[in-house]
Amino acid sequence: MDNNDLYVNARELQKQLAKKVIIKDDFDSEIEFVCGVDVSYKKNIAQCSAVIVKYNSLETVEVVTSKSNIESPYIPGLFILRESNPILLTLKLLKKPFQLLLIDGHGILHPRRCGLACYMGITLDIPTVGVAKSLLYGSVQENGFVKYNKEVLGYSIKRDEHLKKIIYVSTGHKVSLSTSIGVVRSITKIGEWIPEPLRIADIRSKDYDNKENDQFWSFTINDTTIRFL
DNA sequence: GCGACAG
DNA sequence: ATCTTGTCGC
């Protein structure tokens, strides 16, 4: 199977998964901890960090990091091919529970209504929210909502009147847009524009020299992942 | 055909 | 995302 087949299959998978996305609140329990994941790249290595913060205090309670080989180029709309595996590997390292996962990318605000946040939510069967720093699809309305034609797919939160400090929030899975907006707002510190767990995950994922980040390195061959602890 | 395009 | 100098603004 060549790469074009892979891309065609991935796009078809997205269309199918889009039908399974639950765009309403469906939490097992009240939100007490929120997790954020982000991936950074250096040479041929992807370093991914996941951070859990306490919802009411924003205190960081756990940080885990993994290194893995980059297995896909960046293709707009097919972010799942590049980041889903590093993220899945990293989340497995977490020992503490969380009720909501924030993803660095879009949810249903996507050409096929299935961005990385939706994919992670359906794969893990947990509530997820997409938080992106730039727009991939649709257009921003005067009221802040992002639409494609008549369809409301997300919301833009403006933290800075002058600079481009705007984030785009959309449902990943098992969470409503209004809840997503509320949570993102409440876990973004004053003066910051990125919600705390994602902000910390971004910093930690870029810190390639932090010994605390050396939890494991892995690569995948024919569907088999090799991990070096 | 042309432009736009999460990180 | 990453590569990168000086520079604008709080």
Side-chain angles (χ1 to χ4, degrees), chain A residues 3-4 7-8 10-11 13-15 17-18 21 36-51 65-91 101-123 128-140 146-149 153-173 177 180 184 189-195 197-209 213:
Chain A
N3 279 343
N4 283 327
Y7 302 152
V8 168
R11 293 189 180 101
L13 173 64
Q14 287 176 317
K15 291 177 190 171
L17 292 182
V21 172
V37 284
D38 189 28
V39 186
S40 292
Y41 302 90
K42 188 161 190 173
K43 289 291 185 69
N44 300 321
I45 299 300
Q47 177 157 291
C48 177
S49 294
V51 175
T65 300
S66 74
K67 291 178 170 68
S68 48
N69 278 347
I70 297 173
E71 48 188 283
S72 170
Y74 163 64
I75 301 168
L78 288 178
F79 212 28
I80 56 173
L81 297 178
R82 186 169 170 85
E83 300 212 331
S84 61
N85 281 343
I87 290 174
L88 287 170
L89 287 170
T90 308
L91 293 177
L101 177 63
L102 265 51
I103 295 292
D104 199 336
H106 292 293
I108 62 172
L109 183 43
H110 178 280
R112 290 170 292 281
R113 312 298 188 272
C114 185
L116 180 60
C118 299
Y119 181 85
M120 298 307 306
I122 293 174
T123 299
T128 60
V129 172
V131 179
K133 294 182 286 295
S134 64
L135 205 53
L136 167 69
Y137 186 74
S139 53
V140 181
V146 184
K147 285 184 172 182
Y148 185 82
N149 291 335
L153 298 175
Y155 186 79
S156 61
I157 298 180
K158 197 190 314 181
R159 287 281 166 184
D160 189 305
E161 288 295 335
H162 305 295
L163 302 179
K164 301 172 183 175
K165 306 268 183 172
I166 299 176
I167 57 175
Y168 303 90
V169 177
S170 62
T171 292
H173 190 46
L177 180 56
S180 300
V184 169
K189 287 188 172 179
I190 307 295
E192 300 292 343
W193 66 296
I194 302 295
L198 283 179
R199 192 179 72 82
I200 302 300
D202 177 65
I203 293 171
R204 290 297 299 264
S205 68
K206 287 175 177 168
D207 190 357
Y208 282 79
D209 295 324
N213 279 342

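All chains are named by letter (A, B, ...) in the order of the sequence lines, taking the proteins before the strands, and each is independently numbered beginning at 1.
Side-chain proximity of A:Lys206 to C:dA1, B:dG7, B:dC5: nearest is C:dA1.
Side-chain contact annotation: A:Arg112 with A:Tyr137, donor-acceptor N/O pair under 3.5 Å absent.
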What nitrogen or oxygen pairs link the protein and nucleotides 3-9 of chain C at under 3.5 Å?
none

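Not a single donor-acceptor pair under 3.5 Å links the side chain of A:Arg113 to the backbone N or O of A:Ile108. Listed for the A:Glu83 side chain is no donor-acceptor partner under 3.5 Å among the backbone atoms of A:Cys48. Side-chain N or O atoms of A:Tyr119 include none that pairs as donor or acceptor with a backbone N or O of A:Ser84 at under 3.5 Å. Of the possible polar contacts, none joining the A:Gln47 side chain to the A:Thr65 backbone as a donor-acceptor pair under 3.5 Å is found. Distance alone, capped at 3.5 Å, is enough to place a donor-acceptor pair between the A:Thr128 side chain and the A:His173 backbone. Judged purely by atom type and a 3.5 angstrom limit, A:His110 has no side-chain atom pairing as donor or acceptor with the backbone of A:Leu78.
The pair A:Asp38-A:Arg204 does not meet the salt-bridge criterion, since no charged nitrogen lies less than 4.0 angstrom from a carboxylate oxygen.
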Dot-bracket line, read 5' to 3' along DNA chain C, where crossing pairs take [ ] and | marks a partner on another strand, Watson-Crick or G-U under 3.5 Å
..........

How is the base pairing of DNA chain B summarised as a dot-bracket string, given the Watson-Crick and G-U wobble criteria with both distances under 3.5 Å, [ ] for crossing and | for another strand?
.......

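Whole-Å rounding puts the A:Tyr119 OH to B:dG7 C1' distance at 17 Å. Atom-to-atom, CG of A:Leu136 to C1' of B:dA4 comes out at 9 Å; the value is rounded to the nearest Å. For the pair A:Ile45 CD1 and C:dT2 C1', the computed distance is 15 Å after rounding to whole Å. Atom CG of A:Asp207 is separated from atom P of C:dT2 by 12 Å (rounded to the nearest Å). Rounded to whole angstrom, the span from the CG atom of A:Leu135 across to the P atom of B:dG3 amounts to 20 Å.
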A:Lys133 and A:Trp193: CA distance, side-chain angles, deciding distance, side-chain contact (heavy atoms from CB on, under 4.5 Å) verdict:
CA-CA 10 Å; A:Lys133 294 182 286 295; A:Trp193 66 296; 3.9 Å; yes

Would you please test A:Tyr208 and A:Ser40 for side-chain contact (heavy atoms from CB on, under 4.5 Å) and show each step?
CA-CA 9 Å; A:Tyr208 282 79; A:Ser40 292; 4.0 Å; yes

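Of the side-chain N and O atoms in A:Ser134, none sit less than 4.0 angstrom from OP1 or OP2 of B:dC5.
If you check every strand for non-hydrogen atoms under 4.0 Å, A:Lys43 touches nothing.
For the segment residues 104-117 of chain A, the set of residues with a heavy atom within less than 4.0 Å of an atom of DNA chain B comprises A:Asp104, A:Gly105, A:His106, A:His110, A:Gly115, A:Leu116, in numerical order. For the segment residues 76-89 of chain A, the set of residues with a heavy atom within less than 4.0 Å of an atom of DNA chain C is empty.
Considering only residues two or more places apart in sequence or on other chains, A:Lys206 meets the side-chain hydrogen bond (donor to acceptor under 3.5 Å, both in side chains) condition with A:Asp202.
Annotation: side chain of A:Val129 is not in contact with side chain of A:Pro195 (no heavy-atom distance under 4.5 Å). In this structure the side chain of A:Val140 never reaches within 4.5 angstrom of the side chain of A:Ile166, judged on heavy atoms.
Between A:Leu136 atom CG and A:Tyr168 atom OH the span is 11.5 Å, to the nearest 0.5 Å. Interatomic distance, CG of A:Leu17 versus CD1 of A:Ile80, reported as 7.5 Å (0.5 Å rounding). Atoms OG and NZ, from A:Ser205 and A:Lys67 in turn, are 11.0 Å apart once rounded to the nearest 0.5 Å.
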